[in-house]
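Below is one structure; the comments refer to it alone.
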There are 2 protein chains.
Amino acid sequence: MTVVQMVNQETVPAALCVAEDETHPRPDGRDQYTISEVAAFTGMSAHTLRWYERIGLMPHVDRSNTGQRRFSNRDLDWLAFVGKLRLTGMPVADMVTYAELVKAGERTEPQRKALLEATRMDVVQRIAELQDTLTVLDYKIGTYAGAERAPERTGA
Amino acid sequence: MTVVQMVNQETVPAALCVAEDETHPRPDGRDQYTISEVAAFTGMSAHTLRWYERIGLMPHVDRSNTGQRRFSNRDLDWLAFVGKLRLTGMPVADMVTYAELVKAGERTEPQRKALLEATRMDVVQRIAELQDTLTVLDYKIGTYAGAERAPERTGA
DNA sequence: TAAGACCTTGGAGTGCACTCCAGGCAAGTG
DNA sequence: CACTTGCCTGGAGTGCACTCCAAGGTCTTA
């Protein structure tokens, strides 16, 4: 292992940075990351990163003179945002749409805003749903209350 | 259409009833529902209902003398609960495990409780995740603020 | 300079949760 | 009694989001 342990893999770091234009350098001064470094940073697999690029979810990644990917801080910021979108449950196809809008320039900002607002509403609804399931879960867990080891028929 | 409109399909009714043993009759006095009636009640498709039975997620559905399924109020209650579990994001395989525990009798209550508690923790974590994405979404939407129609470069 | 870890590609495979199909039986209606 | 509608079955197909493979080129460390 040469590189992988530079950041712990299980905890996705993903500060709630958001980008497209503002790039704030990472720990070391570099602005060039191999795919496995990015995998470690983002918690996504290298497979997934290549796949994201294939389907148009990454806006052009630089290459070394030998053809290997060299991700920039901008790319990292973008991926952090994509990671957040993924957590919302937004379909990958919609994320691609969003990426295309970004690439198309400033005039698509209303559409992007609309897309994010729609996503926001989905998230709010999903949270409500989940909170509703918590009610049921708690009720049900309550009916099992005290059943820690051998229940042995609580009533009668 | 013979039956379908007896309940509106889009809103899943699924009162937060929970069962296994307590069955409280539905609107009309009957306790026999065809698969399409149940599909209308639960919002699940008839396909899904048959599939749930195949994989062991339904605890034996009665049949008419000609072999057609006749769901009972108990079944409906169970399905309402299954629907809630599905909303939690619990994998179907785990729901089957839960169903098997129920079938195995009272002595499995500690395991059932543990399963639901684990699910509860997943739900709580997922809610936190989603709330975190809301923060990012709101920030991002904020940067697009006022971009209702033509943005025309807000700064400079 | 050689081993071993790393990177490349297109395309195939995986797991989940449905979803549909073909072929056939059954029940109600003009 | 034909016709339409609904139900049955096993098995195949779908869509999503990865995930892996084979075959080969590259980079680093001893």
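What you see below is based on every heavy atom in this structure, not just the backbone, and it leaves out hydrogens, waters and symmetry mates. By convention in this document, chain letters (A, B, ...) are assigned in the order of the sequence lines, proteins followed by strands, and residues within each chain are numbered from 1.
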Determine the contact category for R63(B): base if any of its heavy atoms lies under 4.0 Å from a base atom, sugar-phosphate if only primed atoms, P, OP1 or OP2 are that close, otherwise nothing. sugar-phosphate
OP1 or OP2 of dT26(D) sitting under 4.0 Å from any side-chain N/O of S64(A)? no
I need the CD-P distance between E53(A) and dC7(C), as an integer number of Å. 14 Å
Write down the distance between CD1 (I35(A)) and P (dC20(D)), rounded to a whole number of angstrom. 14 Å
Flag the pair Y139(A) / F81(B) as yes when their ring centroid distance falls below 6.0 Å, and as no otherwise. no
Let me know the distance between CZ of R50(A) and P of dT9(C), rounded to the nearest Å. 7 Å
Please give, in whole Å, the distance from dC16(C) P to D94(B) CG? 10 Å
Among D132(A), T133(A), T135(A), exactly one meets side chain to side chain donor-acceptor pair (under 3.5 Å) together with K84(B). Which residue is that? D132(A)
Could you pull out every donor-acceptor pair under 3.5 Å between side chains of residues 54-62 of chain A and any protein atom, sequence neighbours left out?
none

Identify the two heavy atoms, one from A39(B) and one from S45(B), that lie closest to each other, and give their separation to 0.1 Å. CB-C, 4.3 Å
Between E53(B) and L49(B), does a side chain to side chain contact (heavy atoms under 4.5 Å, CB included) hold up when you go through it step by step? CA-CA 6 Å; E53(B) 193 180 345; L49(B) 292 169; over 6 Å; no
Quick check on dC7(C): is either OP1 or OP2 less than 4.0 Å from any side-chain nitrogen or oxygen of T66(A)? no
Once you round it to whole Å, what is the distance between P of dC7(D) and CZ of F71(B)? 10 Å
Taking CG from L49(A) and C1' from dC6(C), how many angstroms apart are they, rounded to a whole number? 15 Å
Using only side-chain N and O atoms of R69(A), determine if any of them is under 4.0 Å from OP1 or OP2 of dT9(C). yes
What closest approach, in Å, do E37(B) and Y33(B) show between heavy atoms, and which atom pair accounts for it? OE1-CA, 3.2 Å
Using 30° and 60° as the class boundaries, would you call the ring planes of Y98(B) and W78(B) parallel, tilted or perpendicular? parallel
In whole Å, what is the span from the CG atom of N65(B) to the C1' atom of dA27(C)? 11 Å
Are E117(A) and R120(A) ion-paired here, with the side-chain N under 4.0 Å from a carboxylate O? no
Below 4.0 angstrom, which residues in residues 118-125 of chain B have at least one non-hydrogen atom near DNA chain C? none
Taking atom C1' of dC6(C) as reference, at what distance in whole Å does atom CZ of R70(A) sit? 10 Å
hydrophobic_cluster_shared for L87(A) and L134(B), side chain cutoff 4.5 Å: no
Atom pairs under 3.5 Å, N or O on each side, protein against nucleotides 17-25 of chain C: can you list them with distances?
{"from": "dA17(C)", "atom 1": "OP1", "to": "V92(B)", "atom 2": "N", "distance (Å)": "3.4"}
{"from": "dA17(C)", "atom 1": "OP2", "to": "V92(B)", "atom 2": "N", "distance (Å)": "3.3"}
{"from": "dC18(C)", "atom 1": "OP1", "to": "R86(B)", "atom 2": "NH1", "distance (Å)": "3.4"}
{"from": "dC18(C)", "atom 1": "OP2", "to": "Y52(B)", "atom 2": "OH", "distance (Å)": "3.2"}

